[in-house]
Number of protein chains: 2
Amino acid sequence: MTRSMTMTNTPPTNVLSTRIADELRRAILSGELSPGERIRQEELAEQFGASRIPVREALRILVTDGLVNMVSNSGAWVSSLTQDECSEHYQIRERLEPLLLRYNLGALTDADIARAGELVELMKQAPDLETFMRYDREFHWITYSRVETNSLTDLIEKLWNTTQPYRRVFMKLVRSGGIEVTHLEHELLLEAIKRRDSDEAESILHGHIRRTRIELDRHPEVFAHEFDKSD
Amino acid sequence: MTRSMTMTNTPPTNVLSTRIADELRRAILSGELSPGERIRQEELAEQFGASRIPVREALRILVTDGLVNMVSNSGAWVSSLTQDECSEHYQIRERLEPLLLRYNLGALTDADIARAGELVELMKQAPDLETFMRYDREFHWITYSRVETNSLTDLIEKLWNTTQPYRRVFMKLVRSGGIEVTHLEHELLLEAIKRRDSDEAESILHGHIRRTRIELDRHPEVFAHEFDKSD
DNA sequence: AGAGTTGGCATTGGATACATTCATCGCATA
DNA sequence: TATGCGATGAATGTATCCAATGCCAACTCT
């Protein structure tokens, strides 16, 4: 996984398949491609001026990321989640992200924490949804990515990515209501981190994710998209 | 993921790449291929009487499973874990398998539970290590696979698979000592399941995995294998 | 003699061309 | 009219061939 979330700009590889994969991932995460949308190999190949071979490899890379589903002799689609599956992803996050935070808590620098504090404020003043989501992502990710290695990090990045389209729709719906609670939770989390209080930080983070999941569970309309979902 | 663990024999697909992937996965899980071992595309292609294209796709499938690592313009290796990474995988399992068990607890049939009981006994009499590991896997998997769907199931299967080589070596080392505790834990777990006691079952399972992890942490020699590890 | 450079070889990455599969639609038939 | 069969076409799967990369050893130059 390219760890795009960590803001470590991976130097542009000259391997075509990974470049195509990177571009596709960006398109999916930005919402240009929607969950359930069909992906045609030949179309993509033409679009990139390449043959279908690197396109296929790119698709397989995205399968690894959980962003694409491929079915033999049938085709590839942007991954889509049912409401239950999305809820499941959130429950996994509830249990894993506090663990990852604990891993990192001792290693966070003062600069990390200062930046996290800035981001809490920036989120409050975010002019639009995309900006807010970018800040939110950076805020949490700062607290996750100090310790390097870590298949846990990759795993959680995948979970963020696969749920991102739904989070976007969801937040568009409930933009005004409940956002205050989110800011409060961020502040509490930041305070716990400053105190290096693992248990408290874990607890707040768990509740933060859990609350979002429960709200999301109340909005089935988020998952009523127009495309076939075949996964 | 082919869900091989669930004993649902996937009918042999006539798509070459998936057949090659299945065979490779089997070879890795059985120990015929060791962590860190180099995989040469051409060699494999010849071995299967195929071209390198489906071999490459097979390797990408195994990357998705976490069983293979690929590096651009360099090659592919059977995934290997450092001791820290393995410990990390176990910590993830500690948090996720209890959740999966909870998901399934209400749906388990009497036949499931009966079979689980048989397996507890069979494990006590297992003549060799491989047999024991197969029973152990089936025992836990029965309690995990009643509820279908579930990316959680796939995720946990991956974690079992990637740690399997080390579990094998580890159990070979400590075969005699501590196995009694394992049997006891299995019995307690089974009892909790019979009572449909989610909290207790979660707790026992958590401790079961945790105890194994801590023992594993005490045996660095398990991770001293002869191959290059480049992940 | 030692360090940097260059060439070749082994291996992976990609393009073209062909084979195969699957879904769809039309048509014949009960 | 409903059903089932078969042709058709669009998409994916695979083989073969060629290009590009990277490693390693031999060689040159100082």
Side-chain angles (χ1 to χ4, degrees), chain A residues 1-2 10-25 33-34 36-65 67-80 226-231, chain B residues 1-2 10-25 28 33 36-65 67-80 226-231:
Chain A
M1 174 158 270
T2 54
T10 35
T13 172
N14 30 15
V15 177
L16 200 44
S17 48
T18 63
R19 280 215 311 272
I20 296 176
D22 288 345
E23 170 58 17
L24 264 182
R25 180 174 20 244
L33 292 175
S34 302
E37 198 161 341
R38 175 81 185 263
I39 301 175
R40 255 171 278 269
Q41 297 179 1
E42 207 147 7
E43 185 179 312
L44 259 184
E46 189 181 17
Q47 183 177 331
F48 282 94
S51 82
R52 276 173 41 230
I53 301 287
V55 169
R56 292 164 65 91
E57 308 234 349
L59 291 178
R60 295 237 185 249
I61 290 172
L62 292 176
V63 168
T64 302
D65 290 354
L67 293 175
V68 161
N69 275 55
M70 296 180 76
V71 178
S72 289
N73 277 310
S74 173
W77 292 263
V78 179
S79 286
S80 66
E226 66 264 49
F227 297 102
D228 294 331
K229 38 186 171 43
S230 20
D231 54 359
Chain B
M1 172 158 272
T2 54
T10 34
T13 171
N14 29 15
V15 177
L16 202 43
S17 48
T18 65
R19 282 215 311 272
I20 296 176
D22 288 345
E23 169 58 18
L24 263 182
R25 178 173 23 240
I28 293 172
L33 291 175
E37 197 161 341
R38 174 80 186 263
I39 300 175
R40 254 171 277 267
Q41 297 179 1
E42 204 149 9
E43 186 178 312
L44 260 185
E46 190 180 17
Q47 182 177 329
F48 282 94
S51 83
R52 275 174 41 232
I53 301 286
V55 169
R56 280 157 64 174
E57 307 234 348
L59 291 177
R60 294 240 183 247
I61 290 172
L62 293 175
V63 169
T64 302
D65 290 354
L67 292 174
V68 161
N69 275 57
M70 296 181 76
V71 178
S72 290
N73 277 309
S74 173
W77 292 263
V78 179
S79 285
S80 66
E226 67 264 48
F227 297 101
D228 293 333
K229 35 188 175 43
S230 18
D231 52 356

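Chain naming here is simple, since letters A, B, ... match the order of the sequence lines and numbering starts at 1 in each. Every heavy atom of this structure was used, including side-chain atoms; hydrogens, water molecules and symmetry mates were not.
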Residue pair [X] / [Y], side-chain heavy-atom distance below 4.5 Å:
X	Y	result
B:Ser17	A:Arg60	yes
A:Phe48	A:Arg19	no
B:Ile39	B:Leu62	no

Atom [atom1] of [X] to atom [atom2] of [N]: distance rounded to whole Å?
X	N	atom1	atom2	result
A:Ile20	C:dA15	CD1	C1'	12 Å
A:Ile53	C:dC18	CD1	P	15 Å
A:Arg19	D:dA20	CZ	P	13 Å
B:Glu42	D:dC17	CD	P	13 Å
A:Arg38	D:dA10	CZ	C1'	9 Å
A:Leu44	C:dG14	CG	C1'	16 Å
B:Glu46	D:dT14	CD	P	19 Å
B:Asn14	C:dA19	CG	P	18 Å

Please evaluate the base of D:dG13 for a donor-acceptor partner in the side chain of A:Arg52 within a cut-off of under 3.5 Å?
yes
When we call it a touch if two heavy atoms are under 4.0 Å apart, what does [X] touch: a base, just sugar-phosphate, or nothing?
X	value
B:Leu16	sugar-phosphate
B:Leu59	nothing
B:Ile39	sugar-phosphate

Comparing A:Ala50 with A:Asn73, nearest DNA chain C nucleotide closer to 5' gives the residue A:Ala50
Pairwise 5' ranking along DNA chain C for A:Ser74 and A:Glu57, keeping only the more 5' one:
A:Glu57
Picking from D:dA11, D:dG13, C:dG13, which would you name as closest to the side chain of A:Arg40?
D:dA11
Kindly point out which of C:dC22, D:dT14, C:dG14 is positioned nearest to the side chain of B:Pro54?
D:dT14
Below 4.0 Å: OP1/OP2 of [N] and any side-chain N or O of [X]:
X	N	value
A:Arg56	D:dG13	yes
A:Gln41	D:dG13	yes
B:Ser17	D:dT14	yes

Intermediate values then yes/no, side chain to side chain contact (heavy atoms under 4.5 Å, CB included), B:Ile61 and B:Ile20:
CA-CA 10 Å; B:Ile61 290 172; B:Ile20 296 176; over 6 Å; no
For A:Glu23, look at atom CD and say whether over 12 heavy atoms of other residues, nucleotides or ligands are found less than 6.0 Å away.
yes
